[in-house]
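Working notes for the structure below.
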Amino acid sequence: MASAETFQRARRPEQKLRRQDAILGAARDLARRDGVRNVSLADIAGRVGIHKSALLRYFETREQIFLELTAEAWRDWVQALRGELGPAAEDSAERGSAELVADVFARSFGDRPLLCDLIAHTPLNLERNVSPEAVRRYKLTSLGAVDEAAALVQRVLPELTVDEGREFVAAIASLAGAVWQIANPGPALAGLYASDPALGLACVDLVPRLRRTAEILLAGLIPSRPA
């Protein structure tokens, strides 16, 4: 952990970048442990070892920190999709398989709980307490990731248009954020659901739910085209 004195002395651009990385790393670790909603600016500053006011020299707000992490998570996500769906598009045995696409997308979100948590919070608050320029930078990244994912879907399922692929990606990503919250209740709610059989359906498994919904979405895109 860096000391406040170390942070006060830093002046050079490369030092500022290292500090920003340290702040993002602290926020990422805390969010994975405690959930995005439970991490405050003071928590992040304490983890890094600086005063909260010093942290604001590097990021506008708590929300900007998490918006930066969301952009980073989108880039990681689409890179993983590229690794799985890219080869599938070139494999005649896998090309045309909606089940494969549904499975890859479901697992891609299941493997990234932080991205799911961040997706849920982004429209609710992360985009609402930052500058328009910060939102613009984030949107260019997230929309770019959706566009690339849509193109990958269309390569594997060439009967779909890229716009239909984009519609599918946007829908399943939004659903991932919402379903992840349901699938990961806090300890008190988890205990309640486990103790009462009448509440057995209150908590769901993320990946199977996403996979099933993804299959339904893909199956309905072509039949639902306008006449």
Side-chain angles (χ1 to χ4, degrees), residues 1 23-48 52 55 59 61-74 76-78 80-81 98-99 101-130 138 142 145-146 149 167-220:
M1 180 180 294
I23 291 166
L24 291 171
R28 186 187 304 109
D29 290 344
L30 289 169
R32 284 173 173 163
R33 188 188 72 184
D34 301 329
V36 173
R37 68 168 58 84
N38 297 314
V39 181
S40 69
L41 199 64
D43 293 331
I44 300 169
R47 182 69 170 255
V48 177
K52 184 169 67 173
L55 187 151
F59 292 96
T61 58
R62 166 194 177 275
E63 287 74 19
Q64 190 198 5
I65 294 171
F66 283 114
L67 205 59
E68 293 280 350
L69 288 179
T70 313
E72 174 188 276
W74 278 118
D76 170 75
W77 172 78
V78 79
L81 282 186
E99 292 81 6
V101 172
D103 180 64
V104 168
F105 269 81
R107 288 187 290 102
S108 74
F109 288 109
D111 291 343
R112 290 166 178 79
L114 180 57
L115 173 60
C116 294
D117 196 8
L118 287 164
I119 287 173
H121 287 281
T122 298
L124 292 175
N125 52 62
L126 300 186
E127 295 179 341
R128 296 175 183 268
N129 192 28
V130 295
Y138 165 72
S142 61
V146 170
E167 184 179 1
F168 163 73
V169 174
I172 206 68
S174 297
L175 185 66
V179 174
W180 188 88
Q181 303 294 332
I182 299 169
N184 293 273
L189 286 181
L192 173 65
Y193 299 156
S195 68
D196 189 341
L199 300 177
L201 297 179
C203 190
V204 301
D205 290 331
L206 176 66
V207 172
R209 177 63 60 89
L210 287 182
R211 185 185 295 114
R212 173 64 177 153
T213 306
E215 290 173 351
I216 294 170
L217 287 172
L218 290 169

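Being a predicted model, the structure only gives us computed values, none of them experimental. Values below: every heavy atom of this structure, side chains too, minus hydrogens, waters and symmetry copies.
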Check whether [X] reaches the backbone of [Y] with its side chain - one donor and one acceptor, N or O, closer than 3.5 Å.
{"X": "Arg47", "Y": "Ala27", "value": "no"}
{"X": "Ser174", "Y": "Ala171", "value": "no"}
{"X": "Asn38", "Y": "Asp34", "value": "yes"}
{"X": "Asp117", "Y": "Pro113", "value": "no"}

How close do [X] and [Y] get, heavy atom to heavy atom, and via which atoms?
{"X": "Ala120", "Y": "Gln181", "result": "CB-NE2, 3.4 Å"}
{"X": "Arg62", "Y": "Arg37", "result": "NH2-CA, 4.0 Å"}
{"X": "Val48", "Y": "Ala26", "result": "CG2-CB, 3.5 Å"}
{"X": "Glu215", "Y": "Ala102", "result": "CG-CB, 3.5 Å"}
{"X": "Leu114", "Y": "Ala31", "result": "CD1-CB, 3.7 Å"}
{"X": "Leu55", "Y": "Ile23", "result": "CG-CD1, 4.0 Å"}

Hey, is [atom1] on [X] packed in by over 12 heavy atoms from elsewhere, all under 6.0 Å?
{"X": "Asp205", "atom1": "CG", "result": "no"}
{"X": "Glu167", "atom1": "CD", "result": "no"}
{"X": "Leu201", "atom1": "CG", "result": "no"}
{"X": "Arg209", "atom1": "CZ", "result": "no"}

Ile172/Phe109 under side chain to side chain contact (heavy atoms under 4.5 Å, CB included): CA gap, chis, key distance, verdict
CA-CA 9 Å; Ile172 206 68; Phe109 288 109; 4.1 Å; yes

Roughly how far apart are [X] [atom1] and [Y] [atom2], rounded to 0.5 Å?
{"X": "Asn184", "Y": "Leu206", "atom1": "CG", "atom2": "CG", "answer": "7.5 Å"}
{"X": "Leu189", "Y": "Cys203", "atom1": "CG", "atom2": "SG", "answer": "9.5 Å"}
{"X": "Asp76", "Y": "Leu69", "atom1": "CG", "atom2": "CG", "answer": "12.0 Å"}

Could you go through the side chain to side chain contact (heavy atoms under 4.5 Å, CB included) check for Phe105 and Leu81 one step at a time?
CA-CA 8 Å; Phe105 269 81; Leu81 282 186; 3.8 Å; yes

Indicate yes or no: does Arg33 engage Asp29 in a salt bridge with an N to O separation below 4.0 Å.
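No.
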
Would you call Arg28-Glu72 a salt bridge at under 4.0 Å N-O?
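Yes, this pair counts.
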
Let's go through Leu217 and Thr213 carefully: what are the C-alpha distance in whole Å and the side-chain angles of both, what is the deciding distance for side chain to side chain contact (heavy atoms under 4.5 Å, CB included) to 0.1 Å, and is it a yes or a no?
CA-CA 6 Å; Leu217 287 172; Thr213 306; 4.3 Å; yes

Do [X] and [Y] make a side-chain contact, defined as non-hydrogen atoms from C-beta onward lying under 4.5 Å apart?
{"X": "Val207", "Y": "Asp111", "answer": "no"}
{"X": "Leu41", "Y": "Phe59", "answer": "no"}
{"X": "Val130", "Y": "Leu126", "answer": "no"}
{"X": "Thr61", "Y": "Gln64", "answer": "yes"}

Does Cys116 form a side chain to side chain contact (heavy atoms under 4.5 Å, CB included) with Arg112? I'd like the steps, not just the answer.
CA-CA 7 Å; Cys116 294; Arg112 290 166 178 79; 5.6 Å; no

Classify the ring geometry between Trp74 and Trp77 as parallel (under 30°), tilted (30 to 60°) or perpendicular (over 60°).
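Perpendicular.
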
